[in-house]
Amino acid sequence: MTATEQKAPSDFIRDIINDDIKNNEYGGRVHTRFPPEPNGYLHIGHAKSICLNFGIAAQYKGLCNLRFDDTNPTKEEHEYVESIIEDVRWIGFDREDRLFYASDYFEQMYHYAVQLIKDGKAYVDDLSSDDTREYRGTLTEPGKESPYRNRSVEENLNLFERMRAGEFENGTRVLRAKIDMASPNLNMRDPVMYRILHAEHHRTGNKWCIYPMYDWAHGLEDSIEGITHSICTLEFEDHRPLYDWFIDQLGVYHPQQIEFARLNLTYTVMSKRKLLQLVQRGHVTGWDDPRLPTVSGLRRRGYTPKSIRDFCDRIGVAKTDSTIDIALLEHCIRDDLNKSAPRVMAVLNPLRVVIDNYLEGQTEEIDAVNNPEDPDAGTHKVPFSRVLYIEQDDFREDPPSKFFRLAPGREVRLRYAYLITCVGVVKDERTGEVVELHCTYDPTTRGGNTPDGRKVKGTIHWVSAAHALEAEVRLYDRLFTVEDPADVTDGSGFEGVLNPDSLQILRAYVEPSLAGAAPGSRYQFERLGYFCVDLKDSSTERLVFNRTVTLRDSWAKIEKQL
Ligand code: ATP
Ligand code: MG
């Protein structure tokens, strides 16, 4: 067994697959699929499904199809198809040449439907949608059979053909499976297989005006593609008998449906419908807003594919619903960036510092470590000069105990540079606000060491005012103020619990080595957090950074308490 095989996760789905292989079900084949409906952008929940399906295929040397479940023409758009293809690739899985569209099977599905009609197992129903609902019954009461249920095969064939030919208006007729109106499982009470919808489809255009329903279509898609394990989320458990029924009645190849718990995350909403609402109502700037749990939002925020795969591995796969703390996702990106992101200095809320005894016009190049976690990463030069910016927070005129940073008369270490002592404070006469500090430096302390061995506790970051670059820095916080925004039932629902401070925009100064930083590149701003050059808005003329995550790891704390 190789190392990777040893490390492969184990869960109830893999247990099922192991048994199937042992019993030579499906001839030992493993073939999964990831079947998004192209009606929105993918989110981190989809990433869980992608990692599961593609991960299983890779682990068992099987195959995984990317299949668009594009059976609903009205909500689907080409833009979504392209973003989904890109997101799957970006997460790190290679679908090779296996890209499929359910709409390619419309003709085949139609023939399967005709077969069921001929076998007396499907019928055209003319009930209005209100009547259909009423006839369906409830959980405690059986349904009633439609008066159209016992049409002859000939009549059904004729009507179904005419439905396809476009003779009837939307909603006037449906094709239903003839199963059991008294079934305790509502999904088995003569479910609708086709509805009439005169709408243009993103791939088939106006060729069709009847469209297959999910339950009818999905198993057929799996069957046609030779899928072995059709992995879906728990809400489809009650649909499994129907999945099996259709396939059994047709007598075609029969994949196995397995359900697992969907991913829920604290402080966010996950369904595409809700995400679309946030986008359409302008609560966020688009599907790729860095505050959204969409894959494109996470990418823009600075998440790496590796951190997302790591997160999906850590949460595992279970059969009962649960909600994952978003701090775990943040922990995963921190963990990855800690190893890989170069360290640089940036000052987000600048306070001017003049070093009185440093020569005007002089500049020194100071060596700064690229990554203390990676000795091979080397160093880079940072210019030092007479006027610097430090963080406003790193100075207190009246320091509380345990505040070890700069204060009047106090000495502090400038990261990689010199020790400085604050000798003067300049205030705005009107507001009393501190606008400038005067300091002296000790020329014998270059690199931050003290030849006389005196102890200096505080170390702060800085940039040289004459050399620093201006940059826009976007600080993101949680989009919602409550753990479960979907659970807010009063008033405006989840829109009522949006965090008004989820985005804060600052004009900051960054060290000059960041000139021309490529969109998408990631850095640790020392002492502040991990930041990523915005993929859309950043340019050489105007640097824009997104804060991916702060340095403080709340997950590590939670883990300690577990
Ligand atoms: P949403 O509820 O967000 O609209 P969906 O289930 O309708 O999602 P699909 O496009 O049908 O979205 O999903 C494609 C695949 O991703 C399905 O197999 C689905 O089960 C899976 N999936 C969707 N959401 C999650 C989630 N939160 N956790 C795990 N898997 C998910
Ligand atoms: Mg769906």
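All of these numbers come straight from a predicted model, not from anything done at the bench. Read the numbers this way: they start at 1 and go in the same order the structure lists the ligands and their atoms.
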- request: Between F260 and ligand 1, find which residue part has any heavy-atom pair under 4.0 Å and reply side chain, backbone, both or neither.
  value: side chain
query: Of the backbone atoms (N, CA, C, O) and the side-chain heavy atoms from C-beta on, which set of H43 has a member under 4.0 Å from an atom of ligand 1: side chain, backbone, both, or neither?
result: side chain
field: With N338 via side-chain contact (heavy atoms from CB on, under 4.5 Å) - residues at least two apart
entry: R343, E373, Y530
task: Tell me, please, which residues at least two apart from Q108 pass side-chain contact (heavy atoms from CB on, under 4.5 Å).
output: Y112, I224
message: For F168, is there any backbone N or O sitting under 3.5 Å from a side-chain donor or acceptor partner on H198?
response: yes
task: Check whether any side-chain N or O of R301 sits under 3.5 Å from a backbone N or O of P290 as a donor-acceptor pair, and report yes or no.
output: yes
Could you tell me whether some N/O pair between [X] and ligand 1 is separated by less than 3.5 angstrom?
X	answer
N39	no
K48	no
E235	no

- prompt: Is F34 near ligand 1, meaning one of its heavy atoms is under 4.0 Å from it?
  reply: yes
query: Touching ligand 1 at all, M270? Heavy atoms, strictly under 4.0 Å?
result: yes
field: Sub-4.0 Å atoms of ligand 1 with respect to non-hydrogen atoms of L263
entry: 26 (C), 27 (N), 28 (N), 29 (C)
task: Kindly indicate whether a cation-pi arrangement holds for K319 with F12, taking the cut-offs as under 6.0 Å to the six-membered ring centre and within 45° of the axis.
output: yes
